[in-house]
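Presented below is the structure to which this report refers.
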Amino acid sequence: LGTPLLGRLVGLAGGARVVDSQSGFRAFRRDAILALGLRSSGMEYASEMLLGAGRAGLAVVEVPMPYRRRLGASKLRPLSDGWRHLRLLLFLSPHLTLLAPGFAAAGVGLLLCALSLVAPAGVPLGGGLHWLPVFLGPMLLILGAQALLLGGLAAQRHPAALPPAGPWRPLARALIPASADGPVNIGRLLARYALLALAGLLTDALLFGLWLLDQTGPSLLGLAGLAQALIVVGLGGVATLFALAE
């Protein structure tokens, strides 16, 4: 069960498509393998090799061979070894695990935040009940923004983290600008997230001034939710980048 499943996941993630992804009998050019920048130290090396080879456009040919059942006890630990492979594929496929869900969550969050601005009383559900999108929109916006930041960083820090074709690499470069001396321009990113936090703080200051003037009300609830989301996204991004710089 595990080998066919891992093989399908490797192909889905943009790696070489083979029948037996866990076969240890492989022949390859030394320079081609070294150019992939493989880093695994355990059995998941088999999956990383296929993932890197497929994304680098290397020709991979599978040759059928007979199989002789092992004599004696197997060293394979199905759960722990399978998890090592799955964890590697998840880490090296940020377009599937972080970027795509992040875009979806951030987009829905922005729409709900906008809806809370134009319909502060909420969406009528019937029977006098109203649903307030302000309680879900900012949360999705925060989660989506964090996923995009982490996905972009993961894509920039490993040479085989994204498929070569498709929109994911240009999107990752747009999210995480590179610098002349490294894969991530920390200074530019810090400025971006600091501006987001500042925008949220200024909006909160405006709302506080309106409250002092007794001009507040439920109509400003959506704006308050958006301001809090901007503060959390901005400061969370700054904290993440400081940790990365260390």
Side-chain angles (χ1 to χ4, degrees), residues 94-95 97-157 167-168 170-179 182-246:
H95 59 302
T97 57
L98 291 169
L99 293 177
F103 275 114
V108 174
L110 281 174
L111 288 176
L112 292 180
C113 286
L115 181 60
S116 66
L117 293 177
V118 299
V123 180
L125 300 178
L129 296 177
H130 287 75
W131 175 62
L132 295 175
V134 68
F135 292 109
L136 181 60
M139 180 178 65
L140 288 177
L141 180 58
I142 292 169
L143 293 175
Q146 289 294 315
L148 290 175
L149 173 61
L150 295 176
L153 291 173
Q156 298 288 2
R157 293 177 66 83
W168 295 113
L171 287 173
R173 284 194 292 266
L175 289 170
I176 309 295
S179 63
V184 180
N185 191 324
I186 299 293
R188 187 183 298 181
L189 276 177
L190 280 173
R192 288 182 182 180
Y193 282 95
L195 286 175
L196 287 177
L198 180 61
L201 290 171
L202 291 177
T203 304
D204 262 353
L206 174 63
L207 293 172
F208 182 68
L210 292 175
W211 177 75
L212 292 177
L213 297 174
D214 198 22
Q215 295 183 11
T216 187
S219 61
L220 297 177
L221 187 60
L223 187 59
L226 181 59
Q228 304 312 309
L230 290 176
I231 293 173
V232 173
V233 169
L235 295 182
V238 168
T240 300
L241 293 169
F242 270 122
L244 179 66
E246 291 296 326

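Heads up: numbering here begins at 1 and tracks the sequence.
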Please tabulate, for side-chain N and O atoms in residues 148-155, each donor-acceptor pair with protein atoms closer than 3.5 Å (sequence neighbours left out).
none

query = Tell me, do Trp211 and Leu220 make a side-chain contact under 4.5 Å, heavy atoms counted?
reply = no
inquiry  = For Pro167, give me all partners under side chain to side chain contact (heavy atoms under 4.5 Å, CB included), at least two apart in sequence or on another chain.
reply    = Leu171
key: By side chain to side chain contact (heavy atoms under 4.5 Å, CB included) - contacts of Val232 (at least two apart)   = Ile142
ask   = What closest approach, in Å, do Cys113 and Gly137 show between heavy atoms, and which atom pair accounts for it?
value = SG-C, 3.7 Å
query = How far does CG of Leu132 sit from OG of Ser116, to the nearest 0.5 angstrom?
reply = 9.0 Å
message = Once rounded to the nearest 0.5 Å, what's the spacing between atom CZ of Phe135 and atom CG of Leu221?
response = 5.5 Å
query = CG of Leu196 to CD1 of Ile231: how many Å apart, nearest 0.5 Å?
reply = 11.0 Å
request  = Answer whether the closest heavy-atom distance between the side chains of Pro177 and Leu189 falls below 4.5 Å.
outcome  = yes
ask   = Mind checking what makes side chain to side chain contact (heavy atoms under 4.5 Å, CB included) contact with Leu129, not counting sequence neighbours?
value = Leu125
Which side-chain N or O atoms in residues 198-208 pair as donor and acceptor under 3.5 Å with protein atoms at least two apart or in another chain?
{"unit_1": "Thr203", "atom_1": "OG1", "unit_2": "Ala199", "atom_2": "O", "d": "2.8"}
{"unit_1": "Asp204", "atom_1": "OD1", "unit_2": "Gln228", "atom_2": "NE2", "d": "2.7"}
{"unit_1": "Asp204", "atom_1": "OD2", "unit_2": "Gln228", "atom_2": "NE2", "d": "2.7"}

query = Which pair of heavy atoms, one from Gln146 and one from Thr240, lies closest together, and at what distance?
reply = OE1-OG1, 4.2 Å
Between side-chain atoms of residues 97-112 and protein atoms elsewhere (two or more places apart, or another chain), which donor-acceptor pairs fall under 3.5 Å?
{"unit_1": "Thr97", "atom_1": "OG1", "unit_2": "Leu90", "atom_2": "O", "d": "3.3"}
{"unit_1": "Thr97", "atom_1": "OG1", "unit_2": "Ser93", "atom_2": "O", "d": "3.2"}

task = Any chance you could measure Leu190, atom CG, to Asn185, atom CG, to the nearest 0.5 Å?
result = 9.0 Å
